[in-house]
Amino acid sequence: QVQLVESGGGLVQAGDSLRVSCAASGRPFSAYAMGWFRQAPGKEREFVAAISGSGTITRYADSMKGRFTISRDNVKNTMYLQMNTLKPEDTALYYCAATVRALITNDQATYDYWGQGTQVTVSS
């Protein structure tokens with residue numbers, strides 16, 4: 001069992017940067033591949049990025065490549081999402097998730113644990 005708590009969301013202006021965090025507790029953090037997903041109002045939840053347990057392999061949704069960076073600190077049991085050049089369309093509730101599977105994936109059905117989300121709002 002692992003518990004996930006997101007933080008760092010807020011209201012920013014278009015073009016700003018923001019870093020959201022996901023703190024984990026429970027089983028050894030490095031045992032889990034992790035991912036970020038987001039859900040905008042009236043839309044389905046979508047994949048943002050994922051990272052392997054060691055942090056050496058990452059994967060991004062095409063629309064986030066070059067603007068978002070996923071990372072993790074296995075000593076602090078925390079995962080991060082650095083978001084640069086934010087756009088109003090990035091407004092969403094951002095969730096972190098963990099999977100016991102070794103391979104990172106963009107399929108939310110393969111994630112076993114989820115946080116409650118942190119709201120990111122980008123004004124134009």
Side-chain angles (χ1 to χ4, degrees):
Q1 189 79 11
V2 64
Q3 292 78 42
L4 304 173
V5 179
E6 301 95 335
S7 63
L11 174 63
V12 297
Q13 293 187 333
D16 285 352
S17 297
L18 190 68
R19 188 178 78 164
V20 293
S21 302
C22 173
S25 60
R27 290 181 58 186
F29 186 55
S30 61
Y32 294 91
M34 303 285 294
W36 285 100
F37 293 80
R38 69 183 187 184
Q39 186 167 22
K43 295 186 177 181
E44 294 185 352
R45 189 161 58 186
E46 64 174 348
F47 171 74
V48 175
I51 188 167
S52 62
S54 65
T56 56
I57 302 171
T58 58
R59 182 175 181 177
Y60 296 89
D62 288 342
S63 60
M64 285 68 161
K65 286 181 181 177
R67 293 194 303 125
F68 291 8
T69 302
I70 190 172
S71 63
R72 65 191 295 163
D73 185 331
N74 286 348
V75 174
K76 296 182 178 179
N77 287 358
T78 303
M79 176 178 66
Y80 305 97
L81 183 68
Q82 176 69 42
M83 301 181 287
N84 298 327
T85 318
L86 282 162
K87 306 174 182 179
E89 52 264 42
D90 294 317
T91 294
L93 189 60
Y94 283 72
Y95 296 92
C96 69
T99 175
V100 299
R101 293 165 177 79
L103 296 178
I104 60 174
T105 172
N106 63 352
D107 183 358
Q108 16 186 331
T110 62
Y111 286 82
D112 304 291
Y113 305 101
W114 291 83
Q116 294 301 306
T118 185
Q119 179 66 41
V120 173
T121 303
V122 184
S123 64
S124 57

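Every value quoted in this text rests on a predicted model; they were computed, and no experiment measured them. The figures here come from the full heavy-atom set of this structure, side chains too, leaving out hydrogens, waters and symmetry mates.
Under the 3.5 Å distance criterion, the side-chain polar atoms of Thr78 are matched with a main-chain donor or acceptor of Lys76. A donor-acceptor pair under 3.5 Å links the side-chain atoms of Arg67 to the main chain of Thr85, judged by distance alone.
Aromatic pair Trp36/Phe68: ring centres not closer than 6.0 Å.
Put simply, Ile104 and Phe29 are part of two different groups of oily side chains (I, L, V, M, F, W, Y) that touch within less than 4.5 Å, one to the next. If you chain together hydrophobic residues whose side chains sit under 4.5 Å apart, Val120 and Tyr95 never meet in one group. Val48 is connected to Met83 through a chain of hydrophobic side-chain contacts under 4.5 Å among Ile, Leu, Val, Met, Phe, Trp and Tyr, so both are in one cluster.
In terms of the salt bridge (charged side-chain N to carboxylate O under 4.0 Å, His left out) criterion, residue partners of Asp112 (sequence neighbours excluded) are, by chain and number, Arg101. Residues that satisfy the side-chain contact (heavy atoms from CB on, under 4.5 Å) test with Ser124, not counting sequence neighbours, are Pro88. Scored by the salt bridge (charged side-chain N to carboxylate O under 4.0 Å, His left out) test, Arg38 finds Glu46, Asp90 as partners (sequence neighbours excluded).
Ring-plane geometry between Phe37 and Trp114 is classed as tilted, the angle between the planes lying from 30 to 60 degrees on a 0 to 90 degree scale.
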Derivation of the side-chain contact (heavy atoms from CB on, under 4.5 Å) call for Val20 and Glu6: CA-CA 7 Å; Val20 293; Glu6 301 95 335; over 6 Å; no

Worked check of side-chain contact (heavy atoms from CB on, under 4.5 Å) between Gln3 and Val5: CA-CA 7 Å; Gln3 292 78 42; Val5 179; 5.6 Å; no

Residues Tyr111, Thr105; criterion side-chain contact (heavy atoms from CB on, under 4.5 Å); working and verdict: CA-CA 9 Å; Tyr111 286 82; Thr105 172; 3.6 Å; yes

Check against side-chain contact (heavy atoms from CB on, under 4.5 Å), Tyr32 and Thr99: CA-CA 5 Å; Tyr32 294 91; Thr99 175; 5.9 Å; no

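Residue-environment remark: CD1 (Ile57) stays at or below the threshold of 12 foreign heavy atoms within 6.0 Å.
Paired with Met79 under the rule side-chain contact (heavy atoms from CB on, under 4.5 Å), one option of Asn74, Asp73, Ile70, Leu4 passes, and it is Ile70.
When every heavy atom of Phe47 is checked against every heavy atom of Tyr60, the shortest pair comes out as CE2-C, 3.7 Å. Considering all non-hydrogen atoms of both residues, Ala40 and Thr91 come closest at CB-O, 3.6 Å. A pairwise comparison of heavy atoms in Ser52 and Arg72 identifies O-NH1, 2.8 Å as the closest pair.
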